[in-house]
Amino acid sequence: MTQSVEATELWFVMRKAAHWCHLHAARSVAKLDLCVSDFAVLSVLRARGPLRPDALGKRVLLTSGSVTSALDRLERENLTERRTDPSDGRAFLVFLTDRGAELARQASDKHTASMEGIFSVLNEKERDDLRHLLKKLGKFAQAAHSAPLATKRAVAVSVATRRPRRPNNVSTRKRAVPAPR
């Protein structure tokens with residue numbers, strides 16, 4: 001098996017495993033009358049304390065618009081509240097309300113039990129190994145994704161084994177493409 005095929009197969013296996021784990025997690029969270037993004041926001045606020053919406057979005061992998069939607073939903077349910085950030089009066093911090101903290105605790109306990117069922121297929125060493133490997137892979141992939149475009153192009157060129165040749169009669173100049181009507 002060549003390296004590129006092996007890497008693609010690993011990605012596909014990881015994608016499928018993540019898909020089924022995500023569906024199991026979504027079902028678990030739905031039983032709590034929450035969606036995954038709302039559960040994630042509550043969980044992070046419970047673990048980290050008050051955060052600015054942009055920091056919250058980065059921690060739970062939501063766009064700014066999705067964070068705003070989640071916060072609006074959670075505020076309507078009196079689970080979170082936004083307060084002015086004392087260090088910057090132009091910004092605000094998101095806090096859990098007492099009701100939100102209690103729901104986050106209950107939801108976390110129930111969700112943990114549900115996810116324990118999925119990960120019970122792995123022994124303690126396998127879980128530690130999986131955690132370590134996924135963190136390592138995730139950090140590397142994040143750094144590669146965040147690298148400047150010039151670096152990405154250089155990596156892509158160095159990784160390519162062969163570039164297709166253009167026939168001599170094909171122009172390499174870009175041609176204007178008419179706009180659709």
Side-chain angles (χ1 to χ4, degrees), residues 10-122 124 126-149 151-152:
L10 283 171
W11 169 80
F12 194 66
V13 168
M14 184 177 65
R15 181 179 181 274
K16 286 172 58 176
H19 170 79
W20 291 112
C21 288
H22 179 77
L23 288 179
H24 184 78
R27 184 183 316 155
S28 165
V29 169
K31 291 177 184 175
L32 306 168
D33 292 326
L34 292 168
C35 65
V36 172
S37 57
D38 292 359
F39 173 78
V41 168
L42 292 174
S43 296
V44 167
L45 289 174
R46 179 175 182 244
R48 301 286 180 179
L51 292 170
R52 287 186 177 186
D54 61 329
L56 193 52
K58 287 176 185 171
R59 290 208 181 267
V60 298
L61 304 177
L62 291 176
T63 64
S64 63
S66 296
V67 169
T68 299
S69 295
L71 294 178
D72 289 346
R73 281 190 303 274
L74 294 168
E75 279 189 352
R76 276 194 302 273
E77 296 294 323
N78 193 31
L79 300 173
T80 61
E81 62 184 24
R82 295 174 233 206
R83 298 182 202 158
T84 302
D85 184 344
S87 67
D88 181 355
R90 300 167 297 167
F92 60 89
L93 295 171
V94 180
F95 287 78
L96 282 176
T97 62
D98 290 343
R99 183 171 181 246
E102 179 58 23
L103 177 62
R105 185 193 62 74
Q106 291 174 4
S108 179
D109 291 349
K110 290 178 181 176
H111 184 63
T112 297
S114 177
M115 295 312 294
E116 180 62 38
I118 287 297
F119 287 100
S120 67
V121 69
L122 303 175
E124 187 175 343
E126 289 171 329
R127 287 183 191 202
D128 287 343
D129 290 347
L130 179 63
R131 182 182 302 106
H132 171 76
L133 293 171
L134 289 174
K135 281 184 176 185
K136 182 177 181 177
L137 179 62
K139 287 178 182 180
F140 183 80
Q142 181 181 17
H145 177 75
S146 301
L149 187 57
T151 304
K152 288 180 187 178

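Shortest non-hydrogen contact noted between V29 and F39 is CG1-CB, 3.6 Å. Here the closest non-hydrogen pair linking V60 and A40 is CG1-O, 3.5 Å. The shortest non-hydrogen separation linking D38 to A70 is OD1-CB, 3.4 Å. Closest of all the heavy-atom pairs between A104 and L96 is CB-CD1, 4.5 Å.
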**OP:** Apply the test side chain to side chain contact (heavy atoms under 4.5 Å, CB included) to residues R48 and L56: give CA-CA distance (whole Å), side-chain angles for both, the deciding distance (0.1 Å), then the verdict.
**Re:** CA-CA 10 Å; R48 301 286 180 179; L56 193 52; over 6 Å; no
**OP:** Any chance you could lay out the side chain to side chain contact (heavy atoms under 4.5 Å, CB included) test for E126 and V121, step after step, and finish with the verdict?
**Re:** CA-CA 9 Å; E126 289 171 329; V121 69; over 6 Å; no
Original post:
Going through the checks in order, is the side chain to side chain contact (heavy atoms under 4.5 Å, CB included) test met by S114 and H24?
Top reply: CA-CA 8 Å; S114 177; H24 184 78; 3.1 Å; yes
**OP:** Decide yes or no on side chain to side chain contact (heavy atoms under 4.5 Å, CB included) for E75 and V94, but give the supporting numbers first.
**Re:** CA-CA 10 Å; E75 279 189 352; V94 180; over 6 Å; no
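In this structure, E102 pairs ionically with R105, as a charged nitrogen and a carboxylate oxygen lie closer than 4.0 Å. A salt bridge links R127 to E116: one of the charged nitrogens lies within less than 4.0 Å of a carboxylate oxygen.
In this structure, D85 and P50 have side chains that are not in contact, with every pair of non-hydrogen atoms separated by 4.5 Å or more. Using a 4.5 Å heavy-atom threshold, the side chains of R76 and R73 count as touching. Using a 4.5 Å heavy-atom threshold, the side chains of L103 and E77 count as separate.
Taking CD of E81 as the reference point, atom CG of L71 lies at 12.0 Å (rounded to 0.5 Å). Atom CG of residue L74 and atom SG of residue C35 lie 7.5 Å apart, to the nearest 0.5 angstrom. Distance check, rounded to the nearest 0.5 Å: NE2 of H111 to CG of L42 gives 12.5 Å. A distance of 13.0 Å separates CZ in R83 from CZ in F92, rounded to the nearest 0.5 Å. Here CG of D72 is found 8.5 Å from OG1 of T80. Values are rounded to the nearest 0.5 Å. Taken from CG in L45 to CZ in R59, the straight-line distance is 10.5 Å, to the nearest 0.5 Å.
Checked by atom type and distance alone, the side chain of T97 pairs as donor or acceptor with a backbone atom of N78 at under 3.5 Å.
Partner P53 forms a side-chain contact (heavy atoms from CB on, under 4.5 Å) with one of V41, V67, L62 and no other, that one being V67.
Counted within 6.0 Å of CG on D98, heavy atoms from surrounding residues, nucleotides or ligands total 12 or fewer; the atom is thus considered open.
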